[in-house]
Protein chains: 2
Amino acid sequence: MKQVITMKLVLGIDGGGTKTEAIALDHNGGLLLRLTGESTNPHAITFPKAMRNLGALLDALLEAPELKGLDWTTAALGLSGVSTEEEQQAVYRYLQEFQKERGVAFDVSLLHDAQIALMATLEREEGIIAISGTGSILFGLTPEGKRYRVGGWGHLLGDEGSGYDIGLRTLKTIMRHYDGIAPATGLTELVLEAYGFSSPTELKPYIYKDSVQKSDIAKFAQICIEASEKGDKTAARILLQAAGELADAAIALIGKDQWFESCDLVTTGSIFSHSSFFSRLFQEKVTAAYPKITVHSSVQSPAYGAALLALKRYREHMSL
Amino acid sequence: MKQVITMKLVLGIDGGGTKTEAIALDHNGGLLLRLTGESTNPHAITFPKAMRNLGALLDALLEAPELKGLDWTTAALGLSGVSTEEEQQAVYRYLQEFQKERGVAFDVSLLHDAQIALMATLEREEGIIAISGTGSILFGLTPEGKRYRVGGWGHLLGDEGSGYDIGLRTLKTIMRHYDGIAPATGLTELVLEAYGFSSPTELKPYIYKDSVQKSDIAKFAQICIEASEKGDKTAARILLQAAGELADAAIALIGKDQWFESCDLVTTGSIFSHSSFFSRLFQEKVTAAYPKITVHSSVQSPAYGAALLALKRYREHMSL
């Protein structure tokens with residue numbers, strides 16, 4: 001007698017404000033497929049649009065030749081902007097409806113952004129995660145399941161050490177140099193070159209256009225990083241201040257639970273990944289205050305962490 | 001034979017982003033009427049709406065019993081947001097049309113914001129004016145007609161030392177205290193009280209509402225001023241930094257023309273008028289760098305300065 005074993009599939013999804021990444025693993029943890037779709041953050045777009053984008057990504061996975069005939073078991077989703085009980089219930093309802101319509105059935109877990117990001121690098125759900133992308137935030141999760149956060153108040157109330165923060169400091173520095181308040185900096189030339197402007201005054205009509213988003217301002221952080229690598233002292237000072245303020249936030253978080261004092265801290269987001277100088281400054285300040293902390297750069301994407309957690313859930317379910 | 005002398009009237013108008021003030025003087029400089037209308041800043045509202053508001057204010061003046069039967073001679077207008085040649089021509093065209101429709105005739109001068117503000121306090125068009133309201137800017141005018149400006153790049157590119165800047169620092173400080181990054185400050189309690197919030201976290205849904213304007217953020221500066229007057233050290237530090245940055249801008253402006261080194265400097269705007277502490281910090285830093293500068297607080301409103309300039313134009317015209 002011949003036994004047919006259908007390969008089992010688990011799915012990890014990392015939903016963000018600009019894109020959503022999905023990773024499918026087989027039940028041995030082997031990578032089957034990685035796909036990217038549109039934003040699924042209901043606050044960046046709208047709730048119905050976020051769910052349509054999530055559905056489109058799931059449909060693409062269901063139709064992918066690489067996944068044909070496999071048995072879907074578990075999906076773990078870390079969706080930024082889905083945090084309240086109400087938002088989570090609405091996502092669960094959407095996914096139930098989706099499964100009914102498509103004639104598929106799999107378990108769904110909604111996870112915290114921090115959980116999937118920690119899992120991706122540490123293969124563990126506990127520790128501290130420092131995120132600096134367009135915005136910035138710190139999360140801490142303890143083995144007892146306690147959750148803490150510092151920062152993440154957005155561009156008006158906080159986000160110190162974020163790309164937006166560094167971008168804005170870069171722009172202000174250029175204008176202060178133009179006005180003769182601050183000394184000359186290579187930032188000016190780099191920005192004029194990158195944007196095809198002939199004078200810093202052209203930043204004004206550009207920056208106040210309705211179409212200019214927070215992420216457009218955060219793009220100037222990349223120019224600051226570039227200038228610091230070319231030895232520009234003003235750019236280096238901006239990164240020093242920003243990294244210092246993010247480290248202050250991390251230090252405040254560590255102070256909230258004794259378990260954090262000797263835990264692992266993962267750094268992630270475009271600022272950490274693009275600037276080793278920023279990463280080093282952040283790490284130095286944090287470990288000067290708490291020498292037993294181990295700082296890691298994120299290696300795998302959060303979607304991979306979500307997939308690992310889906311696998312963990314699947315195995316827990318199997319062993320019941 | 002009896003001679004009938006018709007009283008001549010001159011008009012000064014100060015147009016801003018939230019309101020427009022008009023002052024009518026007789027040809028001896030006696031105050032006849034002061035009226036306030038809506039915004040006439042084409043960038044705060046739209047150009048047609050700004051002109052409708054200007055027309056409505058002029059109509060109110062034409063119909064005012066106090067001004068009935070008087071001979072309109074000269075109007076001087078300082079309209080914020082009207083600065084390019086194109087914008088000025090459009091205002092002149094609108095006022096020509098207005099005069100034709102209403103059957104009145106008077107000379108029109110469009111003036112610089114700084115000119116009318118300097119005139120109001122110094123009764124002279126030369127000197128430096130430091131403005132700190134919702135935004136901040138510095139203008140310098142020399143007797144040879146040279147014009148300089150520093151700052152005024154708006155809330156994203158500059159506006160250091162403005163109400164917006166102080167308001168934002170106040171909000172960020174409150175969140176940093178909430179997160180345990182910054183020490184406790186009386187600012188938190190004052191803001192919670194004033195806005196009826198039970199936790200600083202309620203600032204987040206408030207501040208990111210579409211209806212919240214730059215001026216709403218600038219309102220938190222008033223709370224910072226209040227806290228500093230009650231002895232709060234964090235609030236005092238915010239004002240020290242903001243006043244210091246505005247003084248740096250003034251110092252940079254003074255450095256641009258030797259004539260400024262011993263000129264008069266007028267401070268105006270809600271931050272200067274509401275905080276003598278801020279005013280003193282600003283003055284101390286500027287005069288430490290340039291001891292021959294004389295700093296004055298604005299006394300009369302810019303509209304009065306505009307009216308004085310209208311009177312000056314009228315008298316020059318009479319003596320031709």
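The figures here come from the full heavy-atom set of this structure, side chains too, leaving out hydrogens, waters and symmetry mates. As the structure is a computational prediction, the values presented were derived from the model and not from experiment.
Neither the backbone nor the side chain of L138(B) comes within contact range of chain A, judged by heavy atoms closer than 4.5 Å. For Y208(A), the part sitting under 4.5 Å from any heavy atom of chain B is the side chain, from C-beta outward, and nothing else. Of the atoms belonging to R169(A), not a single heavy atom falls under 4.5 Å from chain B. For Y164(A), the part lying under 4.5 angstrom from a heavy atom of chain B is the side chain only. Heavy atoms of L253(A) lying under 4.5 Å from chain B are absent altogether.
When D248(A), I207(A), I251(A) are compared by the number of non-hydrogen pairs under 4.5 Å with chain B, I207(A) comes out ahead.
When every heavy atom of G180(B) is checked against every heavy atom of A252(A), the shortest pair comes out as O-CB, 3.6 Å. Shortest non-hydrogen contact noted between R176(A) and E160(B) is NH1-OE2, 2.9 Å.
Remark: of the listed residues I174(B), L203(B), T201(B), L168(B), L203(B) is the sole one forming a side chain to side chain contact (heavy atoms under 4.5 Å, CB included) with L157(A).
Judged by distance alone, with hydrogens and angles left aside, the side-chain atoms of D179(B) form a donor-acceptor pair with the main-chain N or O of G151(A) at under 3.5 Å.
Within 6.0 Å of NZ on K214(B) lie no more than 12 heavy atoms contributed by other residues, nucleotides or ligands. More than 12 heavy atoms of other residues, nucleotides or ligands shown are found within 6.0 angstrom of CD on E144(A). Environment of CD in E189(B): sparse, with no more than 12 heavy atoms of neighbouring residues, nucleotides or ligands closer than 6.0 Å.
Atom CD1 of I217(B) is separated from atom CG of L156(A) by 4.5 Å, given to the nearest 0.5 angstrom.
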